[in-house]
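Take a look at the structure set out below.
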Protein chains: 2
Amino acid sequence: MKVYKIPEATVMRLSIYSRHLQHLRVEGVETVSSEEIANGVGVSSAQVRKDLAYFGEFGTRGVGYKVEELLGHLMKILGLDQKWNVIMIGAGKLGSALALYEGFRERGFVICAILDADEKKVGEKLTDVIIEPLGVLDARVKEHSINIGIVTVPAVAAQEVTDRLVASGVKAILNFSPRVLKVPSGIVLRNVDLSVNLEVLSFNLSFNR
Amino acid sequence: MKVYKIPEATVMRLSIYSRHLQHLRVEGVETVSSEEIANGVGVSSAQVRKDLAYFGEFGTRGVGYKVEELLGHLMKILGLDQKWNVIMIGAGKLGSALALYEGFRERGFVICAILDADEKKVGEKLTDVIIEPLGVLDARVKEHSINIGIVTVPAVAAQEVTDRLVASGVKAILNFSPRVLKVPSGIVLRNVDLSVNLEVLSFNLSFNR
DNA sequence: GACTGTGAAGCCATTCACAGCT
DNA sequence: AGCTGTGAATGGCTTCACAGTC
């Protein structure tokens, strides 16, 4: 199977499969079928096999997949066989929380610089990182070879901050601000819009009932 | 156009359109075309018109849409013409931050109870809400007519907490824990997986370069 | 017998393109 | 002339179903 374009939905599921496999490994499971993975994460077994097929043949017919081995492949595919240095811009409520959140580090993402435009915040400490002013952006990106930026500034500042991240050489941006951002092609951008998610819920509760 | 099943992607975009319209309103814009909305939020104009068409005819041919009016329709559709009381389970790093985050309240979601299993956290205050033990779940849900729950507990506790939310009568759940949850049909569930989003970035940075 | 890997079919969302209004 | 609303065409993801392998 030769494919050059991988559906984004597939990538997201691979991430979920990989975490489920970690869970299975902790429980001492050594071999798993696509059906079992599927049940564990709430998709169809055909979906699991199709997703994996984009990247190779990892299983054994009649048997299934070796948990340890498949997990290794997935971590490699997702780029999690290395650590990623991350810079965060915006140390407000959301930014501070995300900086303190252990989930990122557990998967190899190390927040090694946190910047904020607010002078009152500069100097404060989150985990072991001191909040610094925006001026040091270029320096920190170079110093830590940072590829990934997380934007948690208010909507009005989001585009400007993004432009500065791109200018400093950051290649991928995770945007938590409720604003649609423009980035040059070649820069990877993802938006996590917390309100949108709640609103999908309220829509479903309101509509058709 | 008679449709009973609305694509989830459409609902998410409606939420984004509505925020863009709020933005336009603040800027004093009175009329807007599908093309202008499209440029503002990064989709095609056909997409905008198709999304709106699921719910009615809101524009004027040759002219466009009245910002104020369309915004009103969208807020109604999304269920944002009312306030929603929300209960949050888990007052760890992420939970506390989300509770403090103003973005939810701005869109009408009021976190009016925060519970945590950890006795050490009980009694602490986040905004004006005091963290309480899990035992008061049923009481709070009834008391505030809560329909929506936010789960920010560690993965191991997520399913149990979800079951309790469902049992207490909550109809929609926003899950921030990195675990796939099972809920009875009829319960609306959405997952916001923060790590998955970062991993889509690392995948894109690693794969094919 | 069990389970993977995969072409084909089915389904759903997006884009096209134009008729219909203003 | 300009822009919406929408059936038809397209494209892409998911499911089906089964050949291939252990």
Side-chain angles (χ1 to χ4, degrees), chain A residues 1-17 20-21 24 29-71 73-74 77 180 196 200 203, chain B residues 1-17 20-21 24 29-71 73-74 77 180 196 200 203:
Chain A
M1 195 175 187
K2 262 277 171 87
V3 178
Y4 300 101
K5 173 74 183 85
I6 312 289
E8 189 162 283
T10 289
V11 179
M12 297 181 73
R13 283 191 298 267
L14 291 182
S15 168
I16 293 167
Y17 302 158
H20 186 63
L21 289 170
L24 291 176
V29 179
E30 291 188 356
T31 306
V32 70
S33 68
S34 60
E35 184 69 36
E36 288 166 327
I37 297 175
N39 290 337
V41 306
V43 301
S44 71
S45 63
Q47 184 79 79
V48 172
R49 294 197 300 277
K50 199 53 129 190
D51 286 336
L52 297 178
Y54 281 108
F55 301 93
E57 306 191 0
F58 304 123
T60 310
R61 292 168 197 231
V63 180
Y65 305 88
K66 285 187 186 168
V67 171
E68 189 68 41
E69 192 184 307
L70 181 56
L71 177 58
H73 284 298
L74 291 184
I77 290 166
V180 177
V196 164
V200 173
F203 169 83
Chain B
M1 195 176 187
K2 262 279 172 86
V3 178
Y4 301 101
K5 172 78 183 85
I6 312 289
E8 189 161 284
T10 289
V11 179
M12 297 182 74
R13 283 190 298 267
L14 291 182
S15 167
I16 293 167
Y17 301 158
H20 186 63
L21 288 170
L24 291 176
V29 179
E30 292 187 355
T31 306
V32 70
S33 68
S34 60
E35 183 71 36
E36 289 165 326
I37 297 175
N39 290 337
V41 306
V43 302
S44 72
S45 64
Q47 183 78 81
V48 173
R49 294 197 300 278
K50 198 57 132 186
D51 286 337
L52 298 178
Y54 281 107
F55 301 94
E57 306 192 0
F58 304 123
T60 309
R61 291 167 197 233
V63 180
Y65 306 87
K66 285 188 185 166
V67 171
E68 188 69 39
E69 193 185 305
L70 181 56
L71 177 57
H73 284 299
L74 292 184
I77 291 166
V180 178
V196 164
V200 174
F203 169 83

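Values reported hereafter were calculated over all heavy atoms of this structure, with side chains retained and with hydrogens, waters and symmetry mates removed. In the text below, chain A, chain B and the rest are named by the order of the sequence lines, each starting its count at 1.
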key: For atom CG of L52(A) and atom C1' of dT6(C), their distance in whole Å   = 13 Å
ask   = Can you name the closest pair of heavy atoms from E36(B) and T31(B) and give their distance?
value = OE1-O, 4.2 Å
ask   = Out of dA13(C), dT14(C), dT4(D), which nucleotide sits closest to the side chain of P7(B)?
value = dA13(C)
Among dT6(D), dC3(C), dT15(D), the one nearest S44(A) by side-chain distance = dT15(D)
Donor-acceptor pair under 3.5 Å, K5(A) side chain vs dG11(D) base = no
ask   = Within less than 4.0 Å of OP1 or OP2 of dG5(C), is there a side-chain N or O belonging to Y65(A)?
value = yes
Rounded distance (Å) that lies between atom C1' of dG5(D) and atom CD of E35(B) = 15 Å
query = Closer to the 5' end of DNA chain D via nearest nucleotide, is it R49(B) or G62(A)?
reply = R49(B)
ask   = Does OP1 or OP2 of dT22(C) have a side-chain N or O of T60(B) closer than 4.0 Å?
value = no
note = Side-chain contact check for E57(B): nearest option of dG5(C), dG5(D), dT15(C) is dG5(D)
query = Which nucleotide in the set dC18(D), dC3(D), dG7(D) lies at the smallest distance from any side-chain heavy atom of S33(B)?
reply = dC3(D)
ask   = Taking CG from L14(A) and C1' from dT14(D), how many angstroms apart are they, rounded to a whole number?
value = 15 Å
task = Would you mind telling me which of L70(A), V41(A), I16(A), V29(A) makes a side chain to side chain contact (heavy atoms under 4.5 Å, CB included) with L21(A)?
result = L70(A)
inquiry  = Give me the atom names and distance for the closest heavy-atom approach of V196(A) to S15(B).
reply    = CG2-OG, 3.2 Å
From dT21(D), dG5(D), dT14(D), nucleotide with atom closest to R61(A) side chain = dT21(D)
key: Separation of atom NZ in K50(B) from atom P in dC16(C), rounded to whole Å   = 13 Å
task = Measure the distance from CG on N39(B) to P on dC3(D) and round it to the nearest whole Å.
result = 12 Å
key: Distance, rounded to the nearest Å, where D51(A) contributes CG and dG12(D) contributes C1'   = 14 Å
message = I need the OH-P distance between Y54(B) and dT4(D), as an integer number of Å.
response = 18 Å
query = Between S34(A) and R49(A), what is the shortest heavy-atom contact and its length?
reply = OG-NH1, 3.1 Å
task = May I ask you to evaluate whether S34(B) reaches the phosphate of dC3(D), defined as a side-chain N or O under 4.0 Å from OP1 or OP2?
result = no
query = R13(A) side chain: which of dC16(C), dT14(C), dT14(D) is closest?
reply = dT14(D)
ask   = What is the distance from CD of E8(B) to P of dT14(C), rounded to the nearest Å?
value = 12 Å
key: Candidate pair L14(B) and Y17(B), rule side chain to side chain contact (heavy atoms under 4.5 Å, CB included), full reasoning   = CA-CA 5 Å; L14(B) 291 182; Y17(B) 301 158; 3.9 Å; yes
ask   = When you check the phosphate oxygens OP1 and OP2 of dT15(D), does a side-chain N or O of Q47(A) lie under 4.0 Å from one of them?
value = yes
